[in-house]
K.L.:
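One structure, as structure tokens, below. Some questions next.
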Amino acid sequence: MTLLDLKWIRENEEEVRLMLEHRGANFPLDELLKLDAVRREKLTAVEALKARRNDGSKLVGSLKREGKDASALLDELRKLDEEIGNLDAEVSSIQGKIDELLLQIPNRVHASVPVGRDEEENVVVRTWGDPPNFDFEPKPHWDLGTTLDIMDFERGVSLAQSRFTVLKGMGARMERALIQFMLDLHTTEHGYVEIEPPFLVNTATMRGTGQLPKFAEELYKCADDDLWLIPTAEVPLTNMHAGEILSEDRLPIYYTAYTPCFRREAGSHGRDVRGMLRQHQFDKVELVKICHPEKSYDELERLTRNAEKVLQLLELPYRVICLCSGDMGFAASKTYDIEVWLPSQGKYREISSCSNCEDFQARRINTRFRPRDGGRPRFVHTLNGSGIAIGRCLIAVMENYQRADGSIAVPDALVPYMGGIREIGPLR
RNA sequence: GGUGGGGUGGCCGAGCAGGCUUAAGGCACUCGCCUGCUAAGCGAGUAGAGUGGCAGAAACCGCUCUCGAGGGUUCGAAUCCCUCCCCCACCGCCA
């Protein structure tokens, strides 16, 4: 990992302080700055000694070649070596502490983000469609799914745990149809390249997008291998060009992928326990962009619209909100959440989250581009968004398209993907 | 899992009995010269990161580090030793 961001922090101390305050984050900035000062002081000292050693070593070489005695010089160099060893150890110990701290500092907040403490202060940006009017009491998806025998919550639990669900028959079919529908839309209409990434990634990859080290308790880890189950396809997609210097002509890069996502939901005990709104395993189609730093906020608007398009084509009412500074994720500089209408709850629930991470992840994974006019490589900006969460979309379709008799109409856009089936009724 | 061969700059590829290598040479690219145009030819240049010189930025100059990763030996490591990762070939196992 590069430490360029440290230089920026050093030079923009007050901005960092303000950001931490707006996020409500607890971070020992003074300690970091002090460590940085000490590190640079020691580094300068040890580098001067190394320069002397290098000169001396060369001299030894030429003395020996001429057959002269070099023992006095060798004694001196041996002493130098010891000093260097000690100082080096100090520097790397300080460096280790700095690296640890740097991994825990959240991303900067974009100027357009509302300052606020928690989700109460998020701002509604726009609303699309109208919640349907039912002349009967709309049922929650778990009732619909159980009655139609397309969702089996009990067997999900018996096979695995709570927060696992078995989809069956037309339920499984619609899950698959939604995946196909969304991938087709994003690849053919929106210009994304379809990727099928690994569903397990190593620690370095997990660290690159910011899941580690702070959020290890949210992840499933393999006991015998350095592998973690991905909590979102954002992780493998954003890491695709880790360590690379791309030519500017390759930007922007758009990737989309369908993957299952695995989350321990460690901090969510008791929330959304019924139904399949909050699962340990869920399907998602993800959108990722890797782009030029000056274009990233335009790209964020477009990416959000790309996700919204899914709901528009499915004719599901939704709204877009802009998260306030205190409610944003660790890696994001700006985030729009898309919330879909759920009739059984009478409210909007998150179905997509679209973020611009600016260069936060790019620094961690070291993805840069070489500017067209030459010059030093610069960090790219990375963006990600759900395009969209499949399980929650299935729920939204079921609840919004339910009829009085408990059957479910298939949205027109989905009919071709359902083999022409227009409604899901009770199994005969 | 076993055996053997590898991992060097944007790419190819030498170096691997430790010190005249500040990583040879080639390709590609950039600039200049030459030239009706193009090609060829000639000349020069072309990695990244950290840090210092400046109050700061750019430019420039210096130093340190980087030859898959991390340790070790040594005054000195691309070169020797150890561990790990990855690639290739064959064998075993396997959807």
Side-chain angles (χ1 to χ4, degrees), chain A residues 1-16 32-103 196 198-208 222 224-228 236 239-251 359 362-380:
Chain A
M1 193 188 73
T2 67
L3 294 174
L4 248 188
D5 46 348
L6 181 54
K7 196 190 258 175
W8 186 84
I9 291 166
R10 190 192 304 153
E11 286 162 5
N12 297 275
E13 188 182 331
E14 287 320 304
E15 192 181 331
V16 174
L32 176 67
L33 291 170
K34 200 176 132 207
L35 282 169
D36 175 44
V38 176
R39 166 185 152 269
R40 281 184 297 146
E41 190 186 304
K42 304 244 182 214
L43 194 63
T44 311
V46 76
E47 282 183 357
L49 294 182
K50 283 181 180 173
R52 259 167 63 195
R53 182 180 65 185
N54 288 346
D55 289 343
S57 294
K58 261 179 219 161
L59 199 54
V60 171
S62 53
L63 284 178
K64 286 200 169 175
R65 232 176 295 130
E66 292 163 23
K68 292 180 184 164
D69 175 47
S71 54
L73 185 54
L74 284 178
D75 282 345
E76 189 195 325
L77 289 175
R78 256 188 284 271
K79 276 184 207 135
L80 246 184
D81 243 20
E82 206 174 309
E83 273 184 77
I84 289 171
N86 291 338
L87 259 178
D88 252 347
E90 283 184 59
V91 171
S92 68
S93 144
I94 293 167
Q95 186 72 63
K97 286 180 196 157
I98 289 174
D99 288 346
E100 211 173 297
L101 282 174
L102 279 178
L103 284 171
E196 159 126 345
F199 301 164
L200 291 153
V201 300
N202 59 37
T203 298
T205 300
M206 227 27 126
R207 192 188 295 120
C222 294
D224 296 328
D225 298 282
D226 178 31
L227 289 171
W228 308 71
N239 276 282
M240 283 276 286
H241 299 286
E244 294 182 32
I245 300 177
L246 305 162
S247 85
E248 186 175 341
D249 299 331
R250 288 191 61 184
L251 302 179
D359 63 5
R363 284 178 193 285
R364 292 178 159 229
I365 64 189
N366 200 18
T367 299
R368 293 170 291 173
F369 71 97
R370 193 175 296 285
R372 216 171 258 127
D373 55 15
R376 306 178 140 258
R378 297 177 61 189
F379 286 107
V380 297

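Residue numbers begin at 1 in each chain, while the letters A, B, ... track the order of the sequences.
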K.L.:
Rounded to the nearest angstrom, tell me the gap between atom CG in A/Asp36 and atom C1' in B/G50.
P.N.:
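Spelled out: CG on A/Asp36 to C1' on B/G50 is 11 Å.
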K.L.:
So what does A/Arg10 touch, heavy atoms closer than 4.0 Å: a base, only the sugar-phosphate, or nothing?
P.N.:
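Sugar-phosphate: the residue A/Arg10, judged by heavy atoms under 4.0 Å, touches backbone atoms but no base.
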K.L.:
Run the side-chain contact (heavy atoms from CB on, under 4.5 Å) test against A/Asp249 and tell me which residues pass, sequence neighbours left out.
P.N.:
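Applying side-chain contact (heavy atoms from CB on, under 4.5 Å) to A/Asp249 gives A/Ser247, A/Arg372.
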K.L.:
Quick check on B/C63: is either OP1 or OP2 less than 4.0 Å from any side-chain nitrogen or oxygen of A/Arg52?
P.N.:
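Looking at the OP1 and OP2 atoms of B/C63, neither is under 4.0 Å from any side-chain N or O of A/Arg52.
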K.L.:
For A/Ser62 and for A/Glu41, find the nucleotide of RNA chain B with the closest heavy atom, then tell me which residue's nucleotide is more 5'.
P.N.:
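By nearest-heavy-atom nucleotide position, the 5'-most residue is A/Ser62.
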K.L.:
According to salt bridge (Lys or Arg N to Asp or Glu O under 4.0 Å), does anything in residues 84-94 of chain A pair up with another residue at least two apart or in another chain? List the pairs.
P.N.:
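Residue pairs passing salt bridge (Lys or Arg N to Asp or Glu O under 4.0 Å), neighbours aside: A/Lys42-A/Glu90, A/Lys50-A/Asp88.
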K.L.:
Send over the distance from A/Gln95 CD to B/U64 P, rounded to a whole Å.
P.N.:
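The distance from CD of A/Gln95 to P of B/U64 comes to 19 Å, rounded to the nearest Å.
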K.L.:
Rounded to whole angstroms, how far apart are CG on A/Leu63 and C1' on B/C20?
P.N.:
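Rounded to whole Å, this separation is 14 Å.
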K.L.:
Taking only residues two or more places apart in sequence, or in another chain, which ones meet A/Leu74 in a side-chain contact (heavy atoms from CB on, under 4.5 Å)?
P.N.:
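A/Leu74 satisfies side-chain contact (heavy atoms from CB on, under 4.5 Å) with A/Val60, A/Arg78 once adjacent residues are dropped.
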K.L.:
Hey, could you give me each pair passing side chain to side chain donor-acceptor pair (under 3.5 Å) that has a residue in residues 53-62 of chain A? Not counting sequence neighbours.
P.N.:
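For residues 53-62 of chain A, and leaving out neighbouring residues, the side chain to side chain donor-acceptor pair (under 3.5 Å) pairs sorted by first residue read A/Arg53-A/Asp81.
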K.L.:
According to side-chain hydrogen bond (donor to acceptor under 3.5 Å, both in side chains), who are the partners of A/Arg10, at least two apart in sequence or on a separate chain?
P.N.:
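By the side-chain hydrogen bond (donor to acceptor under 3.5 Å, both in side chains) rule, A/Arg10 matches A/Asp36.
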K.L.:
Compare all side-chain heavy atoms of A/Leu6 with those of A/Leu32 and state whether any distance is below 4.5 angstrom.
P.N.:
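When only atoms from C-beta onward are counted, A/Leu32 and A/Leu6 do touch, with a gap below 4.5 Å.
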K.L.:
Please list each protein N or O that sits under 3.5 Å from an N or O in nucleotides 54-62 of chain B, with the distance.
P.N.:
from	atom 1	to	atom 2	distance (Å)
B/A57	OP1	A/Glu11	OE2	3.1

K.L.:
Apply side-chain contact (heavy atoms from CB on, under 4.5 Å) to A/Glu41 and list each qualifying residue two or more places apart in sequence or on a separate chain.
P.N.:
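side-chain contact (heavy atoms from CB on, under 4.5 Å) list for A/Glu41, sorted by chain: empty.
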K.L.:
Does A/Glu244 have any side-chain hydrogen bond (donor to acceptor under 3.5 Å, both in side chains) partners at least two apart in sequence or in another chain, and if so, which?
P.N.:
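For A/Glu244, the residues satisfying side-chain hydrogen bond (donor to acceptor under 3.5 Å, both in side chains) (neighbours in sequence not counted) are A/His241.
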K.L.:
Go through the structure and list residues passing salt bridge (charged side-chain N to carboxylate O under 4.0 Å, His left out) with A/Glu76, not counting sequence neighbours.
P.N.:
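Per chain and number, A/Glu76 pairs via salt bridge (charged side-chain N to carboxylate O under 4.0 Å, His left out) with no residue.
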K.L.:
Between A/Arg40 and A/Ile245, who's closer to the 5' end of RNA chain B by nearest nucleotide?
P.N.:
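Nearer the 5' end of the strand: A/Ile245.
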K.L.:
Examine B/A49: is either OP1 or OP2 under 4.0 Å from a nitrogen or oxygen in the side chain of A/Arg368? Give yes or no.
P.N.:
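True: A/Arg368 side-chain N/O within range (under 4.0 Å) of B/A49 OP1/OP2.
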K.L.:
Using the P atom as the point on both nucleotides, what is the distance between B/C11 and B/C16, in whole Å?
P.N.:
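Roughly 23 Å separates the two P atoms.
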K.L.:
State, yes or no, whether a side-chain contact exists between A/Asn202 and A/Trp228 at a heavy-atom distance under 4.5 Å.
P.N.:
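They are not in side-chain contact.
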K.L.:
Tell me, which stems hold RNA chain B, with a stem being 3 or more Watson-Crick or G-U pairs in a row and both distances under 3.5 Å?
P.N.:
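Listed by first number, the stems are B:1-7 with B:85-91, B:10-12 with B:25-27, B:28-33 with B:41-46, B:47-53 with B:60-66, B:68-72 with B:80-84.
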K.L.:
Where along nucleotides 72-88 of chain B does protein come under 4.0 Å, by heavy atom, of base (B) or sugar-phosphate alone (S), with - for untouched nucleotides?
P.N.:
---BS------------
K.L.:
Run the side-chain contact (heavy atoms from CB on, under 4.5 Å) test against A/Leu200 and tell me which residues pass, sequence neighbours left out.
P.N.:
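With neighbours one apart ignored, the set is A/Cys222, A/Leu227, A/Leu229.
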